Amino acid sequence: GHFRSANAYNDNAGVEQWLWEQRLNLDVEVKLTATERVHAFFRPLDKGNSFTRWDIEGNAEDELEIQLDGNLDALFVEGEVGPILAGLSDRDNRIDLPFAVGFMPLVYQNGIWVEDAFTGVAVTIPSRNSRLLDIANMDTTFLFGFDKITSNALVNAGGDLNADTSRLWAVTSFIEANRGYWEVGYGFVDGTDVLDDLTYH
């Protein structure tokens, strides 16, 4: 993981504030085999939008505010279908199909399209090429999310997010072709139960 520390002094319209904030990102990895592993992500020193901080001067002077968070930010298994099948059958194969299952973080198109962790499954068809279509390399990922789908479009009558009452279906591809680089993707958020009318592409 990594540790971030920021020290800032601000003077805004006569209001001075000097503070020092901390954030710790931990990635715990358990290697099951050469290709299969379990990942768990923690951020124990910040909670919500509040970080563990020391207010050195300002509205609160010489005050330490500790924000502890023991919740998991992600917990998922990743692996390769080919080696698993080879181990079960005792026969080599040419299957190249990486996958991830669980509560996993995904970032696509610099966070514009997907920048969140959700519970689901992702499978990738990697490293394909085509001389006919002038494709040097192409990766395609299929996603299915069935829990913790957070979207500002899916809110209940009280204005709260309904992260547990929707589904996500998506496919995205990264293509090096025609002397350029292409990213294409399609996502479908399926609101269930009382959110049927909030389904969108």
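Keep in mind the model is a prediction, meaning the values are calculated, not measured.
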Using the rule given for side-chain contact (heavy atoms from CB on, under 4.5 Å), can you reason through E16 versus Y9, listing the C-alpha separation, both sets of side-chain angles and the distance that settles it, and then say yes or no?
CA-CA 7 Å; E16 299 182 14; Y9 173 80; 2.9 Å; yes
Assess whether side chain to side chain donor-acceptor pair (under 3.5 Å) is satisfied between N7 and W18, documenting all intermediate values.
CA-CA 8 Å; N7 196 326; W18 181 16; 2.8 Å; yes
Using the side-chain contact (heavy atoms from CB on, under 4.5 Å) rule, take F118 and F146 through it: C-alpha gap first, then chi angles, then the decisive distance, then the call.
CA-CA 8 Å; F118 59 85; F146 53 85; over 6 Å; no
Step by step, would you call F41 with L72 a side-chain contact (heavy atoms from CB on, under 4.5 Å)?
CA-CA 6 Å; F41 292 105; L72 281 168; over 6 Å; no
Would you please test V38 and E29 for side-chain contact (heavy atoms from CB on, under 4.5 Å) and show each step?
CA-CA 6 Å; V38 179; E29 179 182 273; over 6 Å; no
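Around CG of D92, the count of heavy atoms belonging to other residues, nucleotides or ligands within 6.0 Å does not exceed 12.
A donor-acceptor pair under 3.5 Å is absent between the side-chain atoms of N25 and the main chain of R43, judged by distance alone. In this structure, the side chain of T140 does not engage the main chain of I125 through any donor-acceptor pair within 3.5 Å. At least one donor-acceptor pair closer than 3.5 Å links the side chain of R128 to the backbone N or O of P126.
Residue R4 holds its CZ atom at 12.5 Å from CD of E21, rounded to the nearest 0.5 Å. Rounding to the nearest 0.5 Å gives a distance of 6.5 Å between CD of E183 and OG1 of T172. Of the inter-residue distances, the one linking N178 atom CG with I135 atom CD1 reads 7.5 Å to the nearest 0.5 angstrom. Put simply, OG1 on T52 and CG on L64 are 7.5 Å apart, with the number rounded to the nearest 0.5 Å. Of the inter-residue distances, the one linking W54 atom CH2 with L19 atom CG reads 11.0 Å to the nearest 0.5 angstrom. One distance of note links CG of N137 with CD1 of I175; it measures 10.0 Å at 0.5 Å rounding.
In summary, the side chains of D69 and N71 do present a donor paired with an acceptor at a separation below 3.5 Å, with no hydrogens or angles considered. Donor-acceptor pairing under 3.5 Å is recorded for the side chains of T141 and T124. Defined by atom type and a distance below 3.5 Å, a donor-acceptor pair is present between the side-chain atoms of Q22 and S5. Looking at R91 and N93, their side chains never bring a donor and an acceptor atom within 3.5 Å of each other.
Here the closest non-hydrogen pair linking E176 and Y181 is CG-CD1, 3.9 Å. Between A100 and F76, the shortest heavy-atom contact is CB-CD1, 4.3 Å. A pairwise comparison of heavy atoms in P83 and T35 identifies CB-OG1, 3.7 Å as the closest pair. Here the shortest heavy-atom pairing between E36 and E80 reads OE2-N, 2.8 Å. The heavy-atom pair separating A122 from M104 by the smallest distance is N-CE, 3.6 Å. In terms of heavy-atom proximity, F99 sits nearest to V81 at CD2-CG2, 3.8 Å.
Under the 4.5 Å side-chain heavy-atom criterion for grouping Ile, Leu, Val, Met, Phe, Trp and Tyr, L24 is connected to L75 within one hydrophobic cluster. Hydrophobic clustering places Y186 together with V121 (ILVMFWY residues linked when any side-chain heavy atoms are closer than 4.5 Å, directly or through intermediates).
Aromatic ring centroids of F144 and W169 lie under 6.0 Å apart.
Note on ring orientation: taking the six-membered ring where Trp is involved, the planes of F188 and H201 are tilted (angle from 30° to 60°).
Salt bridge absent: R94 and D96 never bring a charged side-chain N and a carboxylate O closer than 4.0 Å.
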